[in-house]
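Comments concern the structure below.
From a predicted model like this one, the values you see are computed outputs, not experimental measurements.
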Amino acid sequence: MGVAAVLLWLTNFLIGLVFPSLVSGIGVSNVYFLFVVAGVFSLAFVKLYVPETRGRSLETLEAELRTRLS
């Protein structure tokens, strides 16, 4: 959870740092389109690579991840 929180804060910082220069460079609508494309890619990544965990115990998930990553 700590790593996820740090990555979230770093991502927010980078977006806040880059957003004004992107708006002045390519325009507001293009910047939002860029963020939409990044969101679609992230949803596709989650759909393809993150396993479904509904209805499984933690022990089952741990065993599956150990076999997948070893």
Only pairs under 3.5 Å count here: list side-chain donor-acceptor contacts from residues 25-50, not counting sequence neighbours, and write none if there are none.
from: N30; atom 1: ND2; to: I26; atom 2: O; distance (Å): 2.8
from: S42; atom 1: OG; to: A38; atom 2: O; distance (Å): 3.4
from: S42; atom 1: OG; to: G39; atom 2: O; distance (Å): 2.7

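- Scored by the side-chain hydrogen bond (donor to acceptor under 3.5 Å, both in side chains) test, T53 finds no partners at all (sequence neighbours excluded).
- Applying the side-chain contact (heavy atoms from CB on, under 4.5 Å) rule to E62 yields the partners R66; only residues at least two apart in sequence or on another chain are considered.
- S24 and S21 share no donor-acceptor pair across their side chains, judged by distance under 3.5 Å alone.
- Partners of E59 under the salt bridge (charged side-chain N to carboxylate O under 4.0 Å, His left out) rule, at least two apart in sequence or in another chain, do not exist in this structure.
- Nearest approach of L61 to E52, heavy atoms of both residues: CD2-O, 4.4 Å.
- Summarising the geometry, atom CD1 belonging to I15 is positioned 11.5 Å from atom CG belonging to L10; distances are rounded to the nearest 0.5 Å.
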